[in-house]
Amino acid sequence: MKGFDMKTTLFMATSINGYVAGVNDDTDWVKDTEVLYDLVAEKGVCVMGKRTYEDCMKYNVFPYKNALNIVVTHDKSLIEKSTKDIIFTDSTVDHISKIASDRGLNEIIVMGGGNINSYFLKNNAIDEIVIDIHPIVLSGGIRLFEDVFPNTNLELVESKLIHEGIVQNRYKVIK
């Protein structure tokens with residue numbers, strides 16, 4: 001398990017065929033952003049990769065309000081721009097957990113992309129997965145999990161229709 005008692009939830013919007021972004025990182029099809037905003041405000045920490053950060057900047061939704069925003073990147077020019085509430089880092093999962101823990105926070109939302117999702121899964125650092133499945137089939141793009149990751153068993157906790165054909169599935173990760 002992680003070095004700290006940090007509950008970590010992976011939250012992603014996906015297409016029916018498992019893409020979190022389309023060709024050219026297109027996310028115009030995502031219709032559940034309010035769900036994400038509420039979840040980030042509730043948990044207090046959101047972690048994303050550089051491409052997700054760039055997408056958030058494109059839509060003018062970064063930084064997320066009332067939350068510690070952590071962007072995992074190897075881009076040294078971004079790392080130098082870290083502030084109190086926006087941290088750009090190339091740190092490990094354990095160090096990211098420590099950053100949140102040192103601020104009195106005890107839950108993290110991982111919100112992509114596919115490489116960050118795989119990185120957290122590979123490090124046994126995801127406790128729960130919440131997937132909002134949108135009624136669309138994409139021809140290509142970024143998968144929910146990219147890179148190499150272990151087979152992981154899940155237990156369905158809840159499934160519900162949340163908005164205009166979007167089904168939210170909540171899974172517990174079996175460790």
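When reading the values below, keep in mind they use all heavy atoms of this one structure, side chains included, and skip hydrogens, waters and symmetry mates.
Taking the side chain as every heavy atom from C-beta outward, Asp90 and Lys76 approach each other to under 4.5 Å. Between Asn169 and Ile129 there is no side-chain heavy-atom pair separated by less than 4.5 Å.
In this view, Glu107 and Lys43 satisfy the salt bridge (Lys or Arg N to Asp or Glu O under 4.0 Å) rule, not counting sequence neighbours. Residues that satisfy the ring-ring contact (aromatic ring centres under 6.0 Å, His included) test with Tyr64, not counting sequence neighbours, are Tyr37.
For CG of Asn24, the number of neighbouring non-hydrogen atoms (other residues, nucleotides, ligands) closer than 6.0 Å is 12 at most. In the displayed structure, Asn17 atom CG is contacted under 6.0 Å by more than 12 heavy atoms of other residues, nucleotides or ligands. Within a 6.0 Å radius of NZ in Lys172, no more than 12 heavy atoms belonging to other residues, nucleotides or ligands are found.
Among residues at least two apart or in separate chains, ring pair (Phe, Tyr, Trp, His ring centres under 6.0 Å) pairs with a member in residues 97-147 are Trp29-His134, Phe145-Phe149.
Side-chain contact check for Asp94 and Thr92: no donor-acceptor pair (N or O, by modelled atom type) lies under 3.5 Å.
At a threshold of 4.0 Å, the pair Asp132-Lys31 does not count as salt-bridged, since none of the basic side-chain nitrogens sits closer than that to a carboxylate oxygen. Taking the charged nitrogens against the carboxylate oxygens, Asp25 and Arg51 do have a contact shorter than 4.0 Å, which makes a salt bridge.
A donor-acceptor pair is defined here as one N or O able to donate and one able to accept, closer than 3.5 Å; no such pair exists between the side chain of Asn123 and the backbone of Ala125.
The hydrophobic cluster containing Tyr171 also contains Leu121, counting ILVMFWY residues as joined when their side-chain heavy atoms lie under 4.5 angstrom apart, directly or transitively.
Atoms OG and CG, on Ser118 and Leu144 in that order, are 8.0 Å from each other to the nearest 0.5 Å. Atom OG1 of residue Thr14 and atom CG of residue Asp32 lie 9.5 Å apart, to the nearest 0.5 angstrom. One finds the OG atom of Ser159 at 11.0 Å from the CZ atom of Arg170 (value rounded to the nearest 0.5 Å).
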### Task
Assess whether side chain to side chain donor-acceptor pair (under 3.5 Å) is satisfied between Thr83 and Asp85, documenting all intermediate values.
CA-CA 6 Å; Thr83 67; Asp85 296 322; over 6 Å; no

